[in-house]
Amino acid sequence: MKLEEIKNTEFKNMINLAYMQGENKNQEAVLKIEEDMKEYIKDNEFIISVENNEPVKIPYGNDDEYIVPVFSDEREYILGMQYFSLNVMDENKDYIIEKLDYFKKLEDDPKFLGYLVNISSVSYILNTSLL
């Protein structure tokens, strides 16, 4: 599969909807959207930023906790890499197209907080309970 073939528009809409419902403190709606997201993640592939075939890990919080950036389409990947370059984080970075469970062993790491979707725009951390 090619980079330009990855289009997760429906998923981006779910992220926006979850964010809006969260702002409105509608927890019931957020939980329903997260269930839909969980199903979507099982069946679809995303662009994952890698370095030497390992997921790129971004420090987040204390105690060496980290998140792993993923992108929902080509445009978001390009914007994300621009964001990385502004922060001098883009050296030797590449991408693969995979389902999010490709790096399943990360889920066993207590320092792994989840995947960050579209770091440069509609940022949303997928917590590990959705994986």
Side-chain angles (χ1 to χ4, degrees):
M1 184 175 288
K2 296 178 182 172
L3 185 64
E4 60 269 18
E5 293 173 344
I6 296 293
K7 299 190 188 311
N8 288 297
T9 307
E10 183 182 346
F11 191 71
K12 288 169 83 168
N13 290 340
M14 287 182 208
I15 289 173
N16 286 328
L17 194 54
Y19 178 79
M20 287 188 327
Q21 295 294 351
E23 288 290 299
N24 292 330
K25 300 187 180 4
N26 188 347
Q27 195 58 31
E28 189 177 315
V30 170
L31 292 174
K32 166 71 172 95
I33 295 163
E34 286 186 343
E35 283 303 312
D36 293 342
M37 292 169 97
K38 192 185 278 191
E39 289 303 310
Y40 189 92
I41 289 168
K42 286 181 192 172
D43 299 328
N44 291 276
E45 295 173 319
F46 291 84
I47 300 162
I48 301 177
S49 186
V50 296
E51 185 171 17
N52 300 322
N53 295 320
E54 290 291 322
V56 170
K57 297 176 181 179
I58 300 174
Y60 195 88
N62 302 318
D63 303 320
D64 296 324
E65 294 174 329
Y66 64 91
I67 50 180
V68 171
V70 296
F71 307 93
S72 58
D73 59 36
E74 180 183 24
R75 177 181 175 279
E76 294 295 347
Y77 175 74
I78 291 167
L79 289 173
M81 286 297 101
Q82 289 171 351
Y83 180 88
F84 279 148
S85 76
L86 288 174
N87 291 285
V88 197
M89 296 166 58
D90 65 336
E91 292 179 23
N92 304 319
K93 307 270 188 298
D94 206 346
Y95 73 89
I96 56 173
I97 295 168
E98 282 291 347
K99 291 191 176 179
L100 292 188
D101 63 0
Y102 182 76
F103 293 110
K104 205 153 186 65
K105 64 183 179 192
L106 290 176
E107 293 174 42
D108 298 329
D109 184 350
K111 296 182 179 184
F112 173 58
L113 300 179
Y115 292 100
L116 176 64
V117 183
N118 299 337
I119 188 172
S120 65
S121 60
V122 189
S123 296
Y124 188 85
I125 296 178
L126 288 175
N127 65 51
T128 52
S129 69
L130 294 179
L131 304 175

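Heavy-atom basis, side chains included; hydrogens, waters and symmetry copies ignored.
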Fill in: Leu3: partners by side-chain contact (heavy atoms from CB on, under 4.5 Å), with sequence neighbours left out
Ile47, Glu74, Tyr77, Tyr95
Item to complete: Find the distance between NZ (Lys99) and CZ (Phe46) and round it off to the nearest 0.5 Å.
Response: 10.5 Å
Practice prompt. Would you kindly confirm whether Ile78 and Val117 end up in one hydrophobic cluster when ILVMFWY residues are joined by side chain heavy atoms under 4.5 Å apart?
Written response: no
Worksheet item: Should Ile41 and Phe11 count as side-chain neighbours, where that means a heavy-atom distance under 4.5 Å?
Response: yes
Response to the item:
So salt bridge (Lys or Arg N to Asp or Glu O under 4.0 Å) across residues 20-30, not counting sequence neighbours, yields none
Response to the item:
Residues Gly80 and Ser120: closest non-hydrogen pair is N-OG, 3.7 Å
Worksheet item: Judged by atom type as modelled, is there a donor-acceptor pair below 3.5 Å linking the side chain of Asp73 to the main-chain atoms of Arg75?
Response: yes
Worksheet item: Residues in side chain to side chain donor-acceptor pair (under 3.5 Å) with Tyr66, at least two apart?
Response: Asp109
Worksheet item: Within a reach of under 6.0 Å around CG of Asn24, are more than 12 heavy atoms found that belong to other residues, nucleotides or ligands?
Response: yes
Fill in: Interatomic spacing from CD in Glu45 to OH in Tyr102 - rounded to 0.5 Å
11.5 Å
Worksheet item: Can you name the residues that form a side chain to side chain donor-acceptor pair (under 3.5 Å) with Glu39, not counting sequence neighbours?
Response: Lys42
Fill in: Hydrophobic cluster membership, Leu31 vs Met20, 4.5 Å side-chain cutoff
no
Worksheet item: Under 4.5 Å between any side-chain heavy atoms of Met14 and Leu17, yes or no?
Response: no
Item to complete: Check whether any side-chain heavy atom of Tyr115 sits under 4.5 Å from a side-chain heavy atom of Leu100, and report yes or no.
Response: yes
Discussion item. Once side chain to side chain donor-acceptor pair (under 3.5 Å) is applied, do any residues pair with Tyr60, and if so which ones, sequence neighbours excluded?
Written reply: none
Worksheet item: So do the side chains of Leu79 and Phe71 get within less than 4.5 Å of each other, counting heavy atoms only?
Response: no
Response to the item:
The side chain to side chain donor-acceptor pair (under 3.5 Å) partners of Ser49 (sequence neighbours excluded) come to none
Worksheet item: With a 4.5 Å heavy-atom cut-off, do Ile97 and Glu5 have their side chains touching?
Response: no
Worksheet, complete the sentence: side chain to side chain contact (heavy atoms under 4.5 Å, CB included) with Ile58: of Ile119, Leu113, Val68, only one passes, and it is Ile119
Practice prompt. Give a yes or no on whether Tyr19 and Leu116 share a hydrophobic cluster (residues Ile, Leu, Val, Met, Phe, Trp, Tyr; joining criterion: side-chain heavy atoms under 4.5 Å apart).
Written response: no
Worksheet item: What distance do Glu10 atom CD and Asp36 atom CG have between them, rounded to the nearest 0.5 Å?
Response: 8.5 Å
Discussion item. So which atom in Ile96 and which in Glu98 form the shortest heavy-atom distance, rounded to 0.1 Å?
Written reply: CD1-CG, 3.7 Å
Item to complete: Look up atom CD1 in Ile33 and atom CG in Asn13, then write down how far apart they are to the nearest 0.5 Å.
Response: 11.0 Å
Fill in: Inter-residue atom distance Glu76.CD - Ile6.CD1, 0.5 Å rounding
13.5 Å
Practice prompt. Enter the distance from Lys111:NZ to Asp64:CG here, rounded to the nearest 0.5 Å.
Written response: 4.5 Å
